[in-house]
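Step one of this worksheet: look at the structure below.
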Amino acid sequence: MRFRVRIFASFVALTGLAFAGGVSAQAQNTTTQTGSAPANPNGTYIAIDPLAKVTYDNRFDISLGFAYDHMKAGPTLLQGSNLGGLDLEGSYWLSKHWGVEGNLRAYAGTSGAGVNSANFNGGPIKGPFVAEYMGLGGAEWLGPHNKHGALIAHALVGGTYGDFGRDLGSPRPGVPNPFQAVDFYNTQFAPAGVIGGHLDLNRSARWVFRITCDAVMTHYSIDYPPKNSQFDVNYAMSVGVEYKFKKKR
């Protein structure tokens, strides 16, 4: 009987010690949590400004964008060409506001054609392939800007290679001049110029989302009567990204 009493007493004592230890641990944990708990019940948030280090003192930058160009493939065509391509630009900044820019552009697509029966199979040519490849350079000016973005104007001059004859074929009986048959310019190198600029939206100190809008001027000619040349002014734009290199002026 005494043995049972001793076992029961030991069990009660152990249970009491375990309970007391649990209460003590819980109280300690509660104290620790209470001491370190933030005032905000939803947690503490640390605000980081990704634009805090944005500056405009870099020496070089480069951008690449998907491009669109509206073009006339011939001097008397009513239908325009909607071309797609790439726009690669690089800048070297001479001062805070002035720099020089180099620009390579490639556009390709299809164009409407003049009324014709110049196809190899005797039918009309419809939607022939056309392309423009431009190399330009000039000045750019940094306009209003802050850490969020900037407006940049540029004026560029250079040349273009207009590829208008890839789907027209060679001279043949009944079609002595395929370009004349569809009212196209001849495939040629020609002067070109661009006036417009960039809208830059900063995403970090180095990366920028860039939108470019331009008026594009070309001076193509034809070698069939009346053998003239003319200036065309068309619209082009591109959307892409710019990277600013770390080297400073």
Side-chain angles (χ1 to χ4, degrees), residues 45-72 80-109 131-162 190-220 231-249:
Y45 300 93
I46 301 175
I48 298 176
D49 184 2
L51 306 181
K53 296 184 179 180
V54 169
T55 61
Y56 292 89
D57 59 355
N58 59 291
R59 176 69 73 181
F60 305 98
D61 61 61
I62 190 170
S63 66
L64 179 65
F66 293 103
Y68 163 82
D69 177 46
H70 181 81
M71 181 195 71
K72 285 183 63 178
S81 309
N82 294 312
L83 310 181
L86 294 175
D87 183 359
L88 175 66
E89 297 167 327
S91 300
Y92 180 85
W93 291 95
L94 304 172
S95 66
K96 181 177 180 179
H97 288 281
W98 290 99
V100 292
E101 179 180 327
N103 184 201
L104 296 175
R105 304 181 181 206
Y107 305 108
E132 279 188 315
Y133 307 98
M134 295 185 176
L136 306 158
E140 60 182 336
W141 177 75
L142 174 62
H145 59 281
N146 56 29
K147 71 175 184 177
H148 298 286
L151 291 174
I152 301 174
H154 62 193
L156 312 175
V157 294
T160 179
Y161 177 73
V194 163
I195 295 178
H198 314 294
L199 169 61
D200 285 354
L201 302 175
N202 297 314
R203 307 310 302 156
S204 70
R206 300 295 170 200
W207 289 100
V208 180
F209 178 72
R210 168 166 282 187
I211 302 172
T212 302
C213 297
D214 291 313
V216 178
M217 292 163 285
T218 55
H219 191 245
Y220 291 118
F231 282 99
D232 292 323
V233 180
N234 296 294
Y235 173 75
M237 72 170 295
S238 65
V239 176
V241 294
E242 176 194 22
Y243 180 76
K244 298 179 179 180
F245 293 94
K246 292 183 179 180
K247 186 174 182 179
K248 299 182 179 181
R249 290 189 298 274

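Distance check, rounded to the nearest 0.5 Å: OG1 of Thr212 to CG of Leu199 gives 9.0 Å. Arg210 CZ to Glu89 CD: the interatomic distance, rounded to the nearest 0.5 Å, is 5.5 Å. Leu104 contributes atom CG, which lies 8.0 Å from atom CG of Leu136 (distance to the nearest 0.5 angstrom). The line from CD1 of Ile211 to NE2 of His198 is 12.0 Å long, rounded to the nearest 0.5 Å.
Using modelled atom types, one side-chain atom of Arg206 and one backbone atom of Phe245 make a donor-acceptor pair closer than 3.5 Å. Formation of a donor-acceptor pair under 3.5 Å by the His145 side chain with backbone atoms of Gly143 is found in this model. Without hydrogens or angle criteria, Asn146 side chain to His148 main chain gives a donor-acceptor distance under 3.5 Å. At least one donor-acceptor pair under 3.5 Å links the side chain of Arg249 to the backbone N or O of Asn58.
Side chains of Val241 and Leu64 form no contact here, defined as non-hydrogen atoms less than 4.5 Å apart. Counting heavy atoms from C-beta outward, Glu101 and Leu156 have side chains that approach closer than 4.5 Å. Counting heavy atoms from C-beta outward, Asp49 and Lys147 have side chains that approach closer than 4.5 Å. Taking 4.5 Å as the limit, some side-chain heavy atom of Met134 sits within range of a side-chain heavy atom of Val216.
No hydrogens or angles considered: nothing links the side chains of Asp214 and Tyr235 as a donor-acceptor pair under 3.5 Å. Asn82 and His70 are linked by a side-chain donor-acceptor pair at a separation below 3.5 angstrom, with hydrogens and angles left out of the test. When only modelled atom types and interatomic distance are considered, Asp61 and Trp93 share a side-chain donor-acceptor pair under 3.5 Å. A donor-acceptor contact closer than 3.5 angstrom links the side chains of Asp87 and Asn103.
Looking at every heavy atom in both residues, Leu142 comes nearest to Lys96 through CD2-O, 3.3 Å. Between Gly149 and Tyr56, the closest heavy-atom pair is O-OH, 3.2 Å. Here the closest non-hydrogen pair linking Asn234 and Lys72 is ND2-N, 4.0 Å. Here the shortest heavy-atom pairing between Arg203 and Phe209 reads CG-N, 4.1 Å. Taking every heavy atom of both residues into account, Ser204 and Leu51 meet most closely at N-CD2, 3.9 Å. The minimum heavy-atom distance linking Gly65 with Ser238 is given by the pair C-CB, 4.5 Å.
Contacts classified as side-chain hydrogen bond (donor to acceptor under 3.5 Å, both in side chains) and involving residues 131-144 (residues at least two apart or in different chains) are given here: Ser91-Glu140, Glu132-Tyr220.
Listed by chain and residue number, Ile195, Val233 satisfy the side-chain contact (heavy atoms from CB on, under 4.5 Å) test with Met217 (two or more places apart in sequence, or in another chain).
Between Asp69 and Arg105 no salt bridge is recorded (no basic side-chain N to carboxylate O distance below 4.0 Å).
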